[in-house]
J.: 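Take a look at this one; I'll ask things after.
Each chain gets a letter, A, B and so on, in the order its sequence line appears, and its residues count up from 1. Not measured: the values here are computed from a predicted model. Note: hydrogens, waters and symmetry copies are ignored here, and every other heavy atom, side chains too, is used.
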2 protein chains.
Amino acid sequence: MKEILKLSNQLCFPIYSLSKEISNAYRPLLESLDVTYPQYLVLLVLWEYKKLNVREIGELLHLDSGTLTPLLKRLEAKSLVNRNRSTIDERIVEISLTHKGASLEESAECIPKQLKEKSSLTDQEQIQLTHIINKILNTIKT
Amino acid sequence: MKEILKLSNQLCFPIYSLSKEISNAYRPLLESLDVTYPQYLVLLVLWEYKKLNVREIGELLHLDSGTLTPLLKRLEAKSLVNRNRSTIDERIVEISLTHKGASLEESAECIPKQLKEKSSLTDQEQIQLTHIINKILNTIKT
DNA sequence: TAATATTGTATTGTACACAATTTAATTTTG
DNA sequence: CAAAATTAAATTGTGTACAATACAATATTA
(Lines give C-alpha, C1' and ligand atoms only; values in the text may rest on other atoms or scores of the structure.)
Protein backbone atom coordinates (compact mmCIF):
# COMPACT_ATOMS: atom_id res chain seq x y z
CA MET A 1 0.00 0.00 0.00
CA LYS A 2 1.36 3.35 -1.06
CA GLU A 3 1.66 5.57 2.01
CA ILE A 4 0.93 8.65 -0.07
CA LEU A 5 -2.50 7.26 -1.04
CA LYS A 6 -3.70 6.69 2.52
CA LEU A 7 -6.91 8.56 3.26
CA SER A 8 -5.36 10.16 6.32
CA ASN A 9 -2.61 11.67 4.19
CA GLN A 10 -5.00 13.40 1.79
CA LEU A 11 -5.48 17.14 2.30
CA CYS A 12 -8.52 17.07 0.06
CA PHE A 13 -10.54 14.71 2.21
CA PRO A 14 -10.95 16.82 5.37
CA ILE A 15 -12.04 19.74 3.19
CA TYR A 16 -14.53 17.57 1.34
CA SER A 17 -15.88 16.20 4.63
CA LEU A 18 -16.04 19.57 6.27
CA SER A 19 -17.97 21.07 3.40
CA LYS A 20 -20.60 18.35 3.67
CA GLU A 21 -20.77 18.65 7.45
CA ILE A 22 -21.30 22.38 7.14
CA SER A 23 -24.25 21.82 4.81
CA ASN A 24 -25.60 19.32 7.31
CA ALA A 25 -25.09 21.75 10.18
CA TYR A 26 -27.03 24.43 8.29
CA ARG A 27 -29.93 22.16 7.48
CA PRO A 28 -31.75 22.40 10.83
CA LEU A 29 -31.09 26.15 11.05
CA LEU A 30 -32.45 26.76 7.55
CA GLU A 31 -35.49 24.57 8.09
CA SER A 32 -37.51 27.47 9.49
CA LEU A 33 -36.72 29.49 6.35
CA ASP A 34 -37.60 26.46 4.18
CA VAL A 35 -34.48 26.81 2.02
CA THR A 36 -31.42 24.66 1.32
CA TYR A 37 -27.85 25.80 1.90
CA PRO A 38 -27.19 26.76 -1.77
CA GLN A 39 -30.53 28.56 -1.84
CA TYR A 40 -29.51 30.42 1.31
CA LEU A 41 -26.29 31.50 -0.41
CA VAL A 42 -28.33 32.93 -3.27
CA LEU A 43 -30.49 34.81 -0.78
CA LEU A 44 -27.34 36.14 0.94
CA VAL A 45 -26.06 37.74 -2.25
CA LEU A 46 -29.50 39.07 -3.12
CA TRP A 47 -29.89 40.67 0.32
CA GLU A 48 -26.49 42.24 -0.24
CA TYR A 49 -26.80 43.35 -3.88
CA LYS A 50 -30.63 43.69 -4.18
CA LYS A 51 -30.67 42.76 -7.88
CA LEU A 52 -28.42 40.44 -9.87
CA ASN A 53 -28.70 38.49 -13.09
CA VAL A 54 -28.03 34.77 -13.34
CA ARG A 55 -24.47 35.22 -14.59
CA GLU A 56 -23.61 37.58 -11.73
CA ILE A 57 -24.96 35.18 -9.11
CA GLY A 58 -22.95 32.42 -10.77
CA GLU A 59 -19.76 34.45 -10.58
CA LEU A 60 -20.29 35.34 -6.95
CA LEU A 61 -21.07 31.78 -5.88
CA HIS A 62 -18.98 29.86 -8.46
CA LEU A 63 -22.09 28.12 -9.84
CA ASP A 64 -23.08 27.63 -13.44
CA SER A 65 -26.44 28.07 -15.12
CA GLY A 66 -27.16 24.35 -15.04
CA THR A 67 -27.20 24.59 -11.26
CA LEU A 68 -28.71 28.05 -10.92
CA THR A 69 -31.62 27.92 -13.36
CA PRO A 70 -33.52 25.14 -11.56
CA LEU A 71 -32.47 26.45 -8.13
CA LEU A 72 -33.81 29.92 -8.96
CA LYS A 73 -37.02 28.41 -10.31
CA ARG A 74 -37.47 26.66 -6.97
CA LEU A 75 -36.93 29.95 -5.14
CA GLU A 76 -39.45 31.52 -7.50
CA ALA A 77 -41.92 28.72 -6.79
CA LYS A 78 -41.56 29.54 -3.09
CA SER A 79 -42.30 33.22 -3.92
CA LEU A 80 -38.90 34.32 -2.62
CA VAL A 81 -37.51 35.77 -5.87
CA ASN A 82 -38.72 37.24 -9.15
CA ARG A 83 -37.22 36.17 -12.48
CA ASN A 84 -37.56 38.82 -15.18
CA ARG A 85 -36.02 38.92 -18.60
CA SER A 86 -34.26 42.22 -19.16
CA THR A 87 -35.94 44.42 -21.76
CA ILE A 88 -32.62 45.99 -22.74
CA ASP A 89 -30.90 42.65 -23.40
CA GLU A 90 -33.36 39.82 -23.66
CA ARG A 91 -30.71 37.15 -23.07
CA ILE A 92 -30.43 38.32 -19.47
CA VAL A 93 -32.67 37.14 -16.64
CA GLU A 94 -32.73 39.54 -13.71
CA ILE A 95 -33.27 38.05 -10.28
CA SER A 96 -34.74 40.20 -7.53
CA LEU A 97 -36.25 39.57 -4.13
CA THR A 98 -39.96 39.47 -3.53
CA HIS A 99 -41.29 41.18 -0.44
CA LYS A 100 -41.37 37.76 1.20
CA GLY A 101 -37.78 37.02 0.14
CA ALA A 102 -36.55 40.37 1.41
CA SER A 103 -38.35 40.02 4.71
CA LEU A 104 -36.67 36.65 5.31
CA GLU A 105 -33.46 38.55 6.06
CA GLU A 106 -34.78 39.33 9.53
CA SER A 107 -35.22 35.65 10.37
CA ALA A 108 -31.80 34.79 8.92
CA GLU A 109 -29.92 37.26 11.04
CA CYS A 110 -29.44 34.80 13.89
CA ILE A 111 -28.00 32.02 11.71
CA PRO A 112 -24.32 33.03 11.31
CA LYS A 113 -23.80 33.29 15.05
CA GLN A 114 -25.34 29.88 15.67
CA LEU A 115 -23.01 28.39 13.07
CA LYS A 116 -19.99 30.09 14.49
CA GLU A 117 -20.80 28.61 17.87
CA LYS A 118 -21.07 25.16 16.32
CA SER A 119 -17.61 25.59 14.78
CA SER A 120 -15.97 26.38 18.13
CA LEU A 121 -13.14 28.31 16.45
CA THR A 122 -11.29 31.21 18.01
CA ASP A 123 -11.19 34.45 16.01
CA GLN A 124 -7.51 33.79 15.43
CA GLU A 125 -8.18 30.34 13.99
CA GLN A 126 -10.97 31.66 11.84
CA ILE A 127 -8.63 34.26 10.33
CA GLN A 128 -5.93 31.64 9.72
CA LEU A 129 -8.42 29.31 8.10
CA THR A 130 -9.83 31.97 5.80
CA HIS A 131 -6.34 33.06 4.83
CA ILE A 132 -5.15 29.56 3.92
CA ILE A 133 -8.32 28.70 2.04
CA ASN A 134 -8.15 31.90 0.02
CA LYS A 135 -4.54 31.18 -0.81
CA ILE A 136 -5.53 27.81 -2.24
CA LEU A 137 -8.55 29.21 -4.03
CA ASN A 138 -6.46 31.89 -5.69
CA THR A 139 -3.95 29.44 -7.09
CA ILE A 140 -6.04 26.35 -7.78
CA LYS A 141 -8.22 28.01 -10.40
CA THR A 142 -7.03 26.73 -13.74
CA MET B 1 -28.19 45.26 4.84
CA LYS B 2 -27.03 43.27 7.84
CA GLU B 3 -23.23 43.25 7.87
CA ILE B 4 -23.21 39.80 9.45
CA LEU B 5 -25.02 38.33 6.43
CA LYS B 6 -22.54 39.59 3.83
CA LEU B 7 -21.07 36.77 1.77
CA SER B 8 -17.56 37.93 2.57
CA ASN B 9 -18.23 37.54 6.29
CA GLN B 10 -19.32 33.92 6.02
CA LEU B 11 -16.79 31.31 7.08
CA CYS B 12 -18.85 28.59 5.45
CA PHE B 13 -18.62 29.97 1.94
CA PRO B 14 -14.85 29.69 1.32
CA ILE B 15 -14.99 26.10 2.56
CA TYR B 16 -17.92 25.31 0.29
CA SER B 17 -16.14 26.93 -2.68
CA LEU B 18 -12.86 25.25 -1.94
CA SER B 19 -14.46 21.85 -1.74
CA LYS B 20 -15.99 22.31 -5.18
CA GLU B 21 -12.76 23.67 -6.64
CA ILE B 22 -10.88 20.67 -5.30
CA SER B 23 -13.30 18.32 -7.05
CA ASN B 24 -12.81 20.35 -10.20
CA ALA B 25 -9.04 20.23 -9.82
CA TYR B 26 -9.17 16.45 -9.48
CA ARG B 27 -11.35 15.96 -12.54
CA PRO B 28 -8.62 16.22 -15.20
CA LEU B 29 -6.24 14.12 -13.09
CA LEU B 30 -8.82 11.39 -12.58
CA GLU B 31 -9.88 11.37 -16.20
CA SER B 32 -7.21 8.84 -17.12
CA LEU B 33 -8.53 6.53 -14.38
CA ASP B 34 -12.10 7.13 -15.57
CA VAL B 35 -13.43 7.75 -12.06
CA THR B 36 -15.02 10.69 -10.26
CA TYR B 37 -13.64 12.22 -7.10
CA PRO B 38 -16.00 10.34 -4.71
CA GLN B 39 -15.26 7.13 -6.61
CA TYR B 40 -11.54 7.84 -6.18
CA LEU B 41 -12.09 8.21 -2.42
CA VAL B 42 -13.73 4.77 -2.35
CA LEU B 43 -10.76 3.33 -4.24
CA LEU B 44 -8.38 5.01 -1.78
CA VAL B 45 -9.95 3.24 1.20
CA LEU B 46 -10.12 -0.05 -0.68
CA TRP B 47 -6.44 0.17 -1.63
CA GLU B 48 -5.75 0.80 2.03
CA TYR B 49 -8.07 -1.77 3.66
CA LYS B 50 -8.39 -4.34 0.81
CA LYS B 51 -11.92 -5.37 1.78
CA LEU B 52 -14.72 -3.37 3.37
CA ASN B 53 -18.48 -3.63 3.54
CA VAL B 54 -20.81 -0.81 2.56
CA ARG B 55 -21.28 0.40 6.12
CA GLU B 56 -17.55 0.55 6.76
CA ILE B 57 -16.92 2.58 3.61
CA GLY B 58 -19.72 4.90 4.66
CA GLU B 59 -18.17 5.43 8.08
CA LEU B 60 -14.74 6.13 6.64
CA LEU B 61 -16.00 8.58 4.02
CA HIS B 62 -19.05 9.95 5.88
CA LEU B 63 -21.41 8.77 3.15
CA ASP B 64 -24.71 6.92 3.53
CA SER B 65 -26.09 3.94 1.64
CA GLY B 66 -28.21 6.14 -0.60
CA THR B 67 -25.01 7.60 -1.99
CA LEU B 68 -22.82 4.52 -1.85
CA THR B 69 -25.07 1.87 -3.33
CA PRO B 70 -25.36 3.48 -6.77
CA LEU B 71 -21.75 4.69 -6.66
CA LEU B 72 -20.48 1.18 -5.92
CA LYS B 73 -22.67 -0.24 -8.66
CA ARG B 74 -21.03 2.18 -11.09
CA LEU B 75 -17.59 1.04 -9.91
CA GLU B 76 -18.76 -2.54 -10.36
CA ALA B 77 -19.99 -1.73 -13.88
CA LYS B 78 -16.50 -0.44 -14.64
CA SER B 79 -15.10 -3.75 -13.33
CA LEU B 80 -13.14 -1.98 -10.58
CA VAL B 81 -14.84 -3.61 -7.58
CA ASN B 82 -16.73 -6.78 -6.67
CA ARG B 83 -19.95 -6.66 -4.65
CA ASN B 84 -20.61 -9.88 -2.76
CA ARG B 85 -23.23 -10.58 -0.18
CA SER B 86 -21.68 -12.12 2.91
CA THR B 87 -22.64 -15.75 3.48
CA ILE B 88 -22.31 -15.36 7.25
CA ASP B 89 -24.65 -12.36 7.43
CA GLU B 90 -26.66 -11.93 4.28
CA ARG B 91 -27.48 -8.31 5.04
CA ILE B 92 -23.85 -7.39 4.47
CA VAL B 93 -22.41 -6.58 1.05
CA GLU B 94 -18.64 -6.96 0.94
CA ILE B 95 -16.77 -4.69 -1.45
CA SER B 96 -13.40 -5.81 -2.76
CA LEU B 97 -11.14 -4.72 -5.57
CA THR B 98 -10.98 -6.54 -8.86
CA HIS B 99 -7.57 -7.08 -10.39
CA LYS B 100 -8.24 -4.06 -12.57
CA GLY B 101 -9.26 -1.97 -9.57
CA ALA B 102 -6.20 -3.00 -7.58
CA SER B 103 -3.85 -2.33 -10.46
CA LEU B 104 -5.21 1.19 -10.81
CA GLU B 105 -3.28 2.10 -7.66
CA GLU B 106 -0.10 2.33 -9.72
CA SER B 107 -1.59 4.96 -12.00
CA ALA B 108 -3.02 6.89 -9.05
CA GLU B 109 0.27 7.22 -7.26
CA CYS B 110 1.20 10.43 -9.03
CA ILE B 111 -2.08 12.20 -8.23
CA PRO B 112 -1.56 13.47 -4.66
CA LYS B 113 1.66 15.24 -5.57
CA GLN B 114 0.07 16.96 -8.54
CA LEU B 115 -2.75 18.18 -6.33
CA LYS B 116 -0.38 19.39 -3.68
CA GLU B 117 1.45 21.42 -6.28
CA LYS B 118 -1.82 22.95 -7.42
CA SER B 119 -2.60 23.99 -3.84
CA SER B 120 0.68 25.91 -3.45
CA LEU B 121 0.63 25.42 0.33
CA THR B 122 3.72 25.17 2.49
CA ASP B 123 3.99 22.13 4.77
CA GLN B 124 3.40 24.46 7.70
CA GLU B 125 0.18 25.81 6.20
CA GLN B 126 -0.99 22.34 5.34
CA ILE B 127 -0.56 21.25 8.95
CA GLN B 128 -2.37 24.35 10.23
CA LEU B 129 -5.23 23.79 7.81
CA THR B 130 -5.66 20.13 8.71
CA HIS B 131 -5.56 20.98 12.38
CA ILE B 132 -8.23 23.66 12.17
CA ILE B 133 -10.49 21.59 9.95
CA ASN B 134 -10.27 18.62 12.27
CA LYS B 135 -11.10 20.84 15.19
CA ILE B 136 -14.28 21.96 13.46
CA LEU B 137 -15.15 18.44 12.31
CA ASN B 138 -14.81 17.10 15.83
CA THR B 139 -17.18 19.64 17.31
CA ILE B 140 -19.67 20.23 14.53
CA LYS B 141 -20.98 16.66 14.49
CA THR B 142 -24.31 16.80 16.24
C1' DT C 1 -39.06 -19.52 21.07
C1' DA C 2 -42.22 -16.11 19.45
C1' DA C 3 -42.51 -11.13 19.51
C1' DT C 4 -39.77 -7.13 19.16
C1' DA C 5 -35.91 -4.37 18.10
C1' DT C 6 -31.90 -3.54 15.57
C1' DT C 7 -28.90 -3.71 11.65
C1' DG C 8 -27.34 -3.46 6.74
C1' DT C 9 -28.51 -2.44 2.37
C1' DA C 10 -31.53 -0.86 -1.23
C1' DT C 11 -35.03 2.29 -3.04
C1' DT C 12 -37.38 6.61 -3.77
C1' DG C 13 -37.65 11.41 -4.04
C1' DT C 14 -35.64 15.99 -3.93
C1' DA C 15 -31.86 18.93 -4.73
C1' DC C 16 -27.44 20.20 -6.06
C1' DA C 17 -23.13 20.30 -9.42
C1' DC C 18 -21.09 20.43 -13.76
C1' DA C 19 -20.01 19.15 -18.75
C1' DA C 20 -21.90 19.52 -23.14
C1' DT C 21 -25.20 21.20 -26.12
C1' DT C 22 -28.88 24.27 -27.72
C1' DT C 23 -31.19 28.52 -28.54
C1' DA C 24 -31.74 33.21 -28.86
C1' DA C 25 -29.90 37.76 -28.65
C1' DT C 26 -26.25 40.95 -29.15
C1' DT C 27 -21.58 42.41 -30.83
C1' DT C 28 -17.95 42.36 -33.77
C1' DT C 29 -15.93 42.74 -38.06
C1' DG C 30 -15.19 42.27 -43.00
C1' DC D 1 -25.18 46.00 -43.40
C1' DA D 2 -24.74 40.88 -43.30
C1' DA D 3 -21.95 36.94 -41.74
C1' DA D 4 -19.41 35.31 -37.95
C1' DA D 5 -18.33 35.35 -33.26
C1' DT D 6 -19.65 35.97 -28.70
C1' DT D 7 -22.69 36.03 -24.85
C1' DA D 8 -26.53 34.60 -21.55
C1' DA D 9 -29.73 31.21 -20.19
C1' DA D 10 -31.79 27.03 -20.57
C1' DT D 11 -31.69 22.12 -21.37
C1' DT D 12 -29.95 17.41 -21.09
C1' DG D 13 -27.42 13.83 -19.08
C1' DT D 14 -24.55 11.83 -15.48
C1' DG D 15 -23.25 11.62 -10.85
C1' DT D 16 -23.29 12.74 -6.19
C1' DA D 17 -25.73 13.73 -1.43
C1' DC D 18 -29.07 12.84 1.92
C1' DA D 19 -33.79 12.19 4.16
C1' DA D 20 -37.23 8.94 4.47
C1' DT D 21 -38.80 4.65 3.77
C1' DA D 22 -38.77 -0.32 2.82
C1' DC D 23 -37.25 -4.81 3.54
C1' DA D 24 -34.88 -8.77 4.83
C1' DA D 25 -31.75 -10.80 8.09
C1' DT D 26 -29.99 -11.05 12.59
C1' DA D 27 -30.02 -10.16 17.53
C1' DT D 28 -32.46 -9.45 21.78
C1' DT D 29 -35.64 -10.43 25.30
C1' DA D 30 -39.79 -11.46 27.66
Side-chain angles (χ1 to χ4, degrees), chain A residues 13 16-28 30-31 33-43 52-59 61-78 80-81 83-95 141-142, chain B residues 13 16-28 30-31 33-43 52-59 61-78 80-81 83-95 141-142:
Chain A
F13 178 64
Y16 165 78
S17 297
L18 180 57
S19 179
K20 287 189 304 172
E21 294 301 341
I22 288 177
S23 289
N24 293 344
Y26 266 101
R27 212 182 310 279
L30 294 176
E31 204 165 288
L33 308 189
D34 186 31
V35 293
T36 65
Y37 177 63
Q39 290 169 14
Y40 170 71
L41 291 178
V42 169
L43 292 179
L52 293 165
N53 62 45
V54 177
R55 178 186 55 73
E56 290 167 332
I57 295 174
E59 280 171 10
L61 302 182
H62 311 320
L63 293 171
D64 80 356
S65 65
T67 302
L68 282 174
T69 296
L71 187 159
L72 291 167
K73 284 181 176 173
R74 281 187 284 271
L75 287 179
E76 186 185 36
K78 293 178 195 174
L80 296 176
V81 306
R83 297 169 65 252
N84 294 111
R85 220 160 259 283
S86 162
T87 48
I88 299 147
D89 183 339
E90 294 201 358
R91 294 169 302 179
I92 295 172
V93 175
E94 298 282 6
I95 310 295
K141 299 281 200 65
T142 49
Chain B
F13 179 65
Y16 164 77
S17 298
L18 181 58
S19 179
K20 288 190 302 173
E21 294 300 341
I22 288 177
S23 290
N24 293 343
Y26 267 101
R27 212 183 311 280
L30 294 176
E31 204 165 287
L33 310 189
D34 187 29
V35 293
T36 65
Y37 176 63
Q39 290 168 13
Y40 169 70
L41 291 178
V42 170
L43 291 179
L52 293 166
N53 63 43
V54 177
R55 178 187 55 74
E56 290 167 333
I57 295 175
E59 279 171 11
L61 302 181
H62 311 321
L63 293 171
D64 79 358
S65 66
T67 302
L68 283 174
T69 297
L71 188 159
L72 292 167
K73 284 181 176 174
R74 280 187 283 272
L75 286 179
E76 186 185 36
K78 292 177 196 175
L80 297 177
V81 306
R83 296 169 66 251
N84 293 112
R85 220 161 259 281
S86 162
T87 47
I88 299 149
D89 183 339
E90 292 201 359
R91 294 169 303 180
I92 294 173
V93 175
E94 298 281 7
I95 310 296
K141 297 284 197 66
T142 48

J.: So do the side chains of B/Asn24 and B/Tyr37 get within less than 4.5 Å of each other, counting heavy atoms only?
T.: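 No, their side chains stay 4.5 Å or more apart.
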J.: Mapping B/Asp89 and B/Tyr37 to their closest nucleotides on DNA chain D, which lands nearer the 5' end?
T.: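 Whichever sits nearer the 5' end wins; that is B/Tyr37.
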J.: Dump the pairs, protein N or O against N or O of nucleotides 18-24 of chain C, anything under 3.5 Å, distances to one decimal.
T.:
unit_1: C/dC18; atom_1: OP1; unit_2: B/Asn24; atom_2: ND2; d: 3.4

J.: Rounded at 0.5 Å granularity, tell me how far CG in A/Leu33 sits from CG in A/Leu30.
T.: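 One gets 5.5 Å once the value is rounded to the nearest 0.5 Å.
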J.: With sugar-phosphate meaning primed atoms plus P, OP1 and OP2, does A/Leu68 contact a base, only sugar-phosphate, or nothing at under 4.0 Å between heavy atoms?
T.: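 No contact at all - A/Leu68 keeps every heavy atom at 4.0 Å or more from the nucleic acid.
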J.: Between C1' on C/dT14 and CG on A/Leu75, what's the gap in Å once rounded to a whole number?
T.: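 To the nearest whole Å, that distance equals 14 Å.
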J.: Tell me the interatomic distance from B/Lys73, atom NZ, to C/dT12, atom P, rounded to whole angstroms.
T.: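 The answer, rounded to whole Å, is 10 Å.
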J.: Just verifying a value: how many Å separate B/Leu71 CG and B/Leu41 CG, rounded to the nearest 0.5 Å?
T.: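 These two atoms lie 9.0 Å from each other.
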J.: Distance check needed: C/dT11 C1' versus B/Leu72 CG, whole Å only.
T.: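 Rounded to the whole Å, the gap is 15 Å.
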J.: If you pin B/Thr36 and A/Val93 to their nearest nucleotides in DNA chain D, which one's is more 5'?
T.: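 Looking at DNA chain D, the more 5' nearest nucleotide goes with A/Val93.
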J.: Remember a base hit wins even if backbone is also touched, and classify A/Arg85 as base, sugar-phosphate or nothing at under 4.0 Å, heavy atoms.
T.: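 Sugar-phosphate, backbone atoms only, no base.
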J.: Would the distance check show the side chain of B/Glu31 and the main-chain N or O of B/Pro28 forming a donor-acceptor pair, the cut-off being under 3.5 Å?
T.: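 Not confirmed, B/Glu31 side chain does not pair with B/Pro28 backbone.
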J.: Are the side chains of A/Lys78 and A/Asp34 in touch, meaning some heavy atoms are under 4.5 Å apart?
T.: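 The answer is yes; the side chains approach within 4.5 Å.
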J.: Hey, could you give me the CZ/CG distance between B/Arg74 and B/Leu80, rounded to the nearest 0.5 Å?
T.: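 Interatomic distance, B/Arg74 CZ to B/Leu80 CG, rounded to 0.5 Å: 13.0 Å.
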J.: May I ask you to decide if A/Asn53's main-chain N or O and A/Glu56's side chain share a donor-acceptor pair within less than 3.5 Å?
T.: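 Between the backbone of A/Asn53 and the side chain of A/Glu56 there is a qualifying donor-acceptor contact (under 3.5 Å).
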J.: Name the nucleic acid region contacted by B/Ile88, choosing base, sugar-phosphate or nothing; use a 4.0 angstrom heavy-atom cut-off, strictly under.
T.: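 Sugar-phosphate contact only.
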J.: Within this structure, what is the CD1-to-P distance between B/Ile57 and C/dG8, rounded to whole angstrom?
T.: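 Taking CD1 of B/Ile57 and P of C/dG8, I get 14 Å after rounding.
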J.: Would you kindly give the CZ-to-P distance between A/Arg74 and C/dA17, to the nearest whole Å?
T.: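 After rounding, the reported distance stands at 10 Å.
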J.: Are the side chains of B/Lys20 and A/Leu63 in touch, meaning some heavy atoms are under 4.5 Å apart?
T.: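 Contact flag for B/Lys20/A/Leu63 side chains = yes.
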J.: A/Asp34 has an atom CG; how far is it from atom C1' of C/dT14, in whole Å?
T.: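 Computing the A/Asp34:CG to C/dT14:C1' distance gives 12 Å.
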J.: How would you give the extent of chain B contacts on DNA chain D, as first and last nucleotide 5' to 3' within a 4.0 Å heavy-atom cut-off?
T.: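 Taking any atom under 4.0 Å from a heavy atom of chain B, the span is D/dG15 to D/dT26.
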J.: If I take atom CD1 in residue B/Ile92 and atom C1' in nucleotide C/dT6, what distance separates them, rounded to the nearest angstrom?
T.: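 It works out to 13 Å between those atoms.
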J.: Measure the OH-CG distance between A/Tyr16 and B/Leu61 for me, rounded to the nearest 0.5 Å.
T.: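 Going from OH on A/Tyr16 over to CG on B/Leu61, the span is 6.5 Å.
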J.: Quick one: is C/dA17 close enough that its OP1 or OP2 comes under 4.0 Å of any side-chain N or O from B/Ser23?
T.: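 Answer is no, no contact under 4.0 Å.
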